[in-house]
Amino acid sequence: MTLRTIVCAALAAAVLATVPLAGSAHAQQASKRVEDLLARMTLEEKIGQLNLVSGHHAVTGPYTRSDVRSAILKGEAGGLFNVYGAAYTRGLQEIATTQTRLGIPLLLGFDVLHGYRTIFPVPLAQAATFDMAAIEQAERIAAAEAAAAGVNWIFAPMLDHSRDPRWGRVVESFGESAWLGARIGEARVRGLQGRSLKSPDSVAACAKHFAGNGATEGGREYSGGDVSVRAMRDQQLPPFKAAVDAGARCVMAAFNAVDGIPGVANDTLLRDILRREWGFKGVVVSDFGAIEELIVHGVAENPADAGRQALRAGTDIDMESRTFVTQLATLVREGKVLASELDDAVRRILVLKEELGLFDDPYARSSPEREAATVGRPDHFQAARAMAEKSMVLLKNDRNTLPFSTKLQRVAVIGPLADGKADTLGPWAANGNPEDATTLLAGVRRVVGDTAEVLYASGGTIDRTSPADIAAAVKLAARAEAVILALGERSTMSGESASRASLDLPGDQLALARAVIALGKPTAVVLFNGRPLTIEDLDREAPAILEAWFPGSEGGLAAARILFGLAEPQGRLPMTFPRSVGQIPIYHDERPTGRPAGPQPKPYTTGYQDVGPTPLYPFGHGLTYTTFFMGTPRLDRPAIAGGETATVSVDVMNTGARTGTAHVQLYIRHRLARVSRPVKELRGFARITLPPGGVGVVKMPIGEAELAFWQPEGRMAPPSSGKIDVMAGPDSATLKSIILEYRPAGPARQASNTGG
Ligand code: GLC
C-alpha cells in the first residue's frame, strides 16, 4: 500500500479533470476586503499574484530571470525574494501599491536560516543545544532583524529529516531525530511568527521542503530516495505537522518525488495530507523552479502541463519558473484549470498578505530608522554567542586536556579554519557580514591576549597543506605551552548543492594535525563543519576535540571561552558520527532486524566484516568539564492508559570538581507491537546545572504523544497496549531502563489523528 493509495483510495473517483479537486472544498471565505479585491481582479492580475520573482541580493538557484521592477509594473509579481533593506523594499512596495491598478502589496521572502545580520550557529548546531527556548529566541531575533529590513516572509524552518551526512543540507536540519525535529519546528515557527503576524517584527514562516527531501539517495542533492509510507509517516512528516500545528502560514513544496510524484505536483501530500488531514489553510510555494522541473522529472509534457498539474495539486506560488505566469491564462480559458482553483490560490495569498498587515501598512517593515536600531544589535550578538556556547559539543577530552588555564603564557592557534570569517558564519548566512565574525583566532586573542602571547599559523589551506606549511606550523607549536588546531570544512562544502562522497577532513588537514600532535603538547582540535565527519584517525590521536560546527558571528569567541573554561561545553550530538562513510546510514533509532548486531562483529548478525557495528560518537554524545552520575529512571506509576501521562524521574549527581550542566535524555522502545519498532527513540530531554557534589532530579513526561507511531490501519496513535522500555542517560548509547505498561484506554476511544 503506498502513501498515495492509503490516503486517496476513497477519493480516486473525485479526481476527474472537470471536478474541483477535493482540496478546493477547503476554500475558506476570507474577509470582505479580500473577497471584494478578488472580485475586482482580472485573470491576469490573479495569475500575477502567483508569481514569485528573485531579486539580486542573493543567488539561490540556477538562474534569475526577471527584473523585479518591471515584473511588479507588469503585474507579474505577487511577491519577490532575495531582496532586503528597509529603503530598497520600501521603494518596491511603493511601486506595487502606487503604480499598479489595484495596488496589492508584495510578499518579500528571504532565506534566513540562522539569523539575518546577527548570524547564529547553523541549524544543526542549534539542534545540538536541545534548548527550545534558545532556538525560539534566536528565531525571534532573526525575524526582528529581517522584518526591520523589509522582509515579511522567511523560508524557514527547514524540516527535512535525513540520516545521511553526505548530504550538504544536513547543516540546515535538526539532525536524525524526527521527534527533536518536531520540537524544533514548532519553536522556530513560534519565534518567527511571534505573537501576532501583523506585528512589524514578525514574519510568515515557511516550513520546507515538503516532503521527503532529506531522504536522499546516497546523500546526493535533489536525488529524492524512495520513502516508505512508514518512513514518511514516522520520520518525514511529524516535524512538518508540528510546524503546521504551531501555525506556520506557508509550506514549501520540495524538488524531490515521493512515490514517483514530485512535491509541487503531489496532490497526495499537498491536498490529502497537508490540507485535508492536517487542515492547513496557508500558502504552498514551490521550491526554486520546481514547477518547470516537472518536465525534467518526466511527469509533465510541457510548461502548460506542468502548470496545470502544480496548481491542481495545490501549489499556490511559482518560485521563479514563470510557468504559472506564462501558462495559466490559457489553461483557465481552455477549462484545463478551473477558475475556482485559481481563485482559491489567489485567496490564500491575499489572506496571508492581510494577516501580515500589508494592506493596512505595506511600509511597516521598511523603516530605515527601525532597521538601524535593530539589525546587528549588541544584545543580539550576545544571544548568538550564548547559543554558540550551548551548541558546541566536547567530543573527547583525554586526561582533562581542557579547559586550558587562562594563565598560559604562550598559546599556538594553528589551522586553515582558525581565522576564516565566512567559514565561521557558515552557509545560508543571509545578510551576515563576514567582517562582523569573531574567528577562533580573534576569540583566543580576546580571551587570553592580554596575558599570553598568541602565536598563529594557517598550516596551509583547507584543500592543501604543503610540507613547508606543516614544518612552519610544527616550529610555531613547539614554542607554545598549549596548541589549538582549527580544522574542518569550508562553509561552501555545506548547504545546498554541497553533497560530499567522502566525510574525511578535506585536504591534508589530518597530516597537519598528526605532525602538531606528535609534539606531545596539550592540544585541542576545534572542528568547524556542517555535518558529521569521519575522524576516527584524528580521534585516535588528538587528546581533545571540540565540535564547533559553523558557529556564527560570535562563534570564535564562544569556542575560545569554552577552551579556557570561561564557559562549559553543553552541546550534544543531534546526528551520529560514523566511523566510516561505508556505515551510512547509521543512526540511533534503528530497527533491531531479526539478527541484531552484538558489541563485536559476529557471523550471521547484521553489520560489516571490516568495521564494527558502533559509530565513532553516538547520537546524544557530548562531554562536560565535570562528571555526572545518572540514576535508573523512576516512574510515578507503573502503567498508564490512553490519555494518561507518566512522569519519569532521573536522579543526577555532579561527581566531578567543577560546576556543570547535565543533559538527561529519555528514550523509549515498544517491546512488542504489530510492526517492528526502533530499538530506541528520543522522546524527552532535560538539563540540570549542579555544583560539585550537587544532587538533583529531572522529570520528563511520557504519554500518548511520546508513544504514538503510524499504525498499520493508517493513523498516528499509541499501540492498543504493551510494555515500553523507558531508558534514560547522558547519550543514546549509555542508558538505564525501566518498564512502563501501556494499557487500553477506558471505553473505546477514537485516537485522534494526531500525527504526521
Ligand atoms: C533553494 C532552496 C530553498 C530556498 C529557495 C529560495 O533552491 O532549495 O531552500 O528557500 O531556493 O532561495
Side-chain angles (χ1 to χ4, degrees), residues 51-66 68 77-84 106-116 122-124 139 142-143 146 151-162 167-174 185 188-189 192 203-216 220-224 239-240 243 248-257 262-264 283-294 296-297 315-323 426-432 492 494-499 530:
N51 196 37
L52 183 64
V53 176
S54 177
H56 298 272
H57 283 160
V59 176
T60 57
Y63 51 73
T64 299
R65 287 181 169 166
S66 312
V68 294
L80 307 173
F81 65 114
N82 291 333
V83 293
Y84 51 78
L106 300 161
L107 290 174
L108 297 178
F110 193 32
D111 293 287
V112 179
L113 272 292
H114 52 112
Y116 168 77
V122 288
L124 188 63
E139 293 298 62
V151 173
N152 53 45
W153 183 25
I154 282 183
F155 303 141
M158 188 275 209
L159 296 174
D160 300 349
H161 177 269
S162 179
W167 188 43
R169 301 197 80 164
V170 297
V171 71
E172 303 169 52
S173 80
F174 49 78
R188 289 197 187 286
V189 169
L192 289 171
V203 296
C206 192
K208 70 185 185 184
H209 309 84
F210 191 71
N213 190 50
T216 58
R220 283 187 306 281
E221 186 69 278
Y222 314 122
S223 60
F240 286 95
R249 302 294 302 118
C250 167
V251 166
M252 183 181 293
F255 291 123
N256 61 288
V264 292
V283 165
V284 173
V285 61
S286 79
D287 201 343
F288 198 118
I291 294 176
E292 186 180 41
E293 289 174 10
L294 292 175
V296 183
H297 276 282
T315 296
D316 300 317
I317 296 181
D318 173 5
M319 182 188 288
E320 261 293 347
S321 88
R322 294 181 51 78
T323 308
W428 291 111
N431 187 28
T492 53
S494 253
E496 184 175 1
S497 187
S499 295

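One-based numbering, in listed order, for ligands and for the atoms of each. It should be emphasised that the depicted structure is a prediction, and the values quoted were computed from it without experimental measurement. For this chain, numbers begin at 1 and follow the sequence in order.
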- Ser499: what forms a side-chain contact (heavy atoms from CB on, under 4.5 Å) with it, not counting sequence neighbours? Trp167, Glu221
- Task: Give a yes or no on whether the backbone of Pro427 and the side-chain of His114 come within a donor-acceptor separation of less than 3.5 Å.
- Result: yes
- Message: Can a donor-acceptor pair be found, under 3.5 Å and without considering hydrogens, that links the side chain of Thr315 to the backbone of Val264?
- Response: yes
- Who are the side-chain contact (heavy atoms from CB on, under 4.5 Å) partners of Ala243, not counting sequence neighbours? Leu159, Val189, Ala207, Ala248
- Query: Can you name the residues that form a side-chain contact (heavy atoms from CB on, under 4.5 Å) with Asn256, not counting sequence neighbours?
  - Reply: Asn213, Ala254, Val258
- Got a second to check how far Leu108's CG is from Tyr84's OH, nearest 0.5 Å? 13.5 Å
- Query: Name the residues in contact with ligand 1, where contact means a heavy atom under 4.0 Å away: which are they?
  - Reply: Thr60, Phe81, Asp111, Phe155, Arg169, Lys208, His209, Met252, Phe255, Asp287, Phe288, Met319, Glu496
